[in-house]
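Structure, as structure tokens:
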Amino acid sequence: MPKRYWLFKNEPDCFSIEDLEKAPNQSTEWEGVRNYQARNMLRDDVQKGDEVFYYYSNAKPAGIVAVCTVVKSGYPDPTALDPNSQYFDPKATREDPRWYMVDVKLKQKFPDIIPLATLKATPGLEKMMVTQKGSRLSIQPVTPDEWKTIIELAKRM
DNA sequence: GCCAACGTTGGC
DNA sequence: GCCAACGTTGGC
């Protein structure tokens, strides 16, 4: 299967890129996704070896801060079964886990955030999901062309 | 803090 | 299965 590209959203208050840098092996479990469309991609489409833009939402500014690599493809999210977790879902069971996650590892932190406004102003990214109004999906596919365009942007920073 | 856009819930 | 009400997301 060819390598695919993704954009994962996260709030810096929740788990920042500095947290990821300090994490063991600079990797983390991408737990807590509770949206079916995003779940389906985590379960079925995101594969080990795929690359991911780490995107800050609810940040000033919002934007892409790093590149990560998927180090473990979709498996059941145990926080759904944990009553003490903020991500607990009473409808999830061991037999029918409902929610899935992947593991990612930091590959490259950008010297500075690439703000959403820059993405919106960059030719070639007009149709990118994250630049569309009302784009709320927290796991988004990125096309190879969009990926390349953003990597080039980062090189010129 | 505002509010538009979107997803989910639940009554019917 | 429809759809109004509600809750959440996320840019600004």
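Please read these numbers as outputs of a predicted model, since none were measured by experiment. Each chain gets a letter, A, B and so on, in the order its sequence line appears, and its residues count up from 1.
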**Report entry** Sugar-phosphate only, base, or nothing, as touched by A/Y56 at under 4.0 Å among non-hydrogen atoms
**Finding:** nothing

To the nearest Å, how far apart are [X] [atom1] and [N] [atom2]?
X      : N      : atom1 : atom2 : value
A/R39  : B/dG7  : CZ    : P     : 15 Å
A/M129 : C/dT9  : CE    : P     : 18 Å
A/I139 : C/dG10 : CD1   : P     : 11 Å
A/N58  : B/dG1  : CG    : C1'   : 13 Å
A/W99  : B/dT8  : CH2   : P     : 7 Å
A/Y87  : C/dT8  : OH    : P     : 14 Å
A/Q140 : C/dT9  : CD    : P     : 15 Å
A/L137 : B/dT8  : CG    : C1'   : 15 Å

Query raised in the report: Is A/R98 salt-bridged to A/D77, going by a charged N under 4.0 Å from an acidic O?
Result: no

Query raised in the report: Hey, is A/E18 close enough to A/K109 for a salt bridge, meaning N to O under 4.0 Å?
Result: yes

Residue [X], side-chain heavy atoms: nucleotide from [options] that is nearest:
X      : options               : answer
A/K9   : B/dT8, C/dG10, C/dC12 : C/dG10
A/Q37  : B/dG7, B/dA4, C/dG11  : B/dG7
A/Y36  : C/dG11, B/dA4, B/dT8  : B/dT8
A/R136 : C/dT9, C/dG11, B/dA4  : C/dT9

Report summary line: When rounded to the nearest 0.5 Å, the distance separating OG of A/S73 from NZ of A/K48 is 8.0 Å

Query - Qualifying residue, where the test is ring-ring contact (aromatic ring centres under 6.0 Å, His included) with A/W99 and the options are A/Y36, A/Y75, A/Y87 - result: A/Y36

Report task. Taking the six-membered ring of A/Y5 (Phe, Tyr or Trp), confirm whether the NZ or CZ of A/K3 is under 6.0 Å from its centre and within 45° of its axis. Result -> no

Query raised in the report: Taking for each residue the nucleotide of DNA chain B bearing the nearest heavy atom, is the 5' side occupied by A/R34 or by A/K133?
Result: A/K133

Query raised in the report: Which sits closer to the 5' end of DNA chain B, A/K60 or A/N35, going by the nucleotide each is nearest to?
Result: A/K60

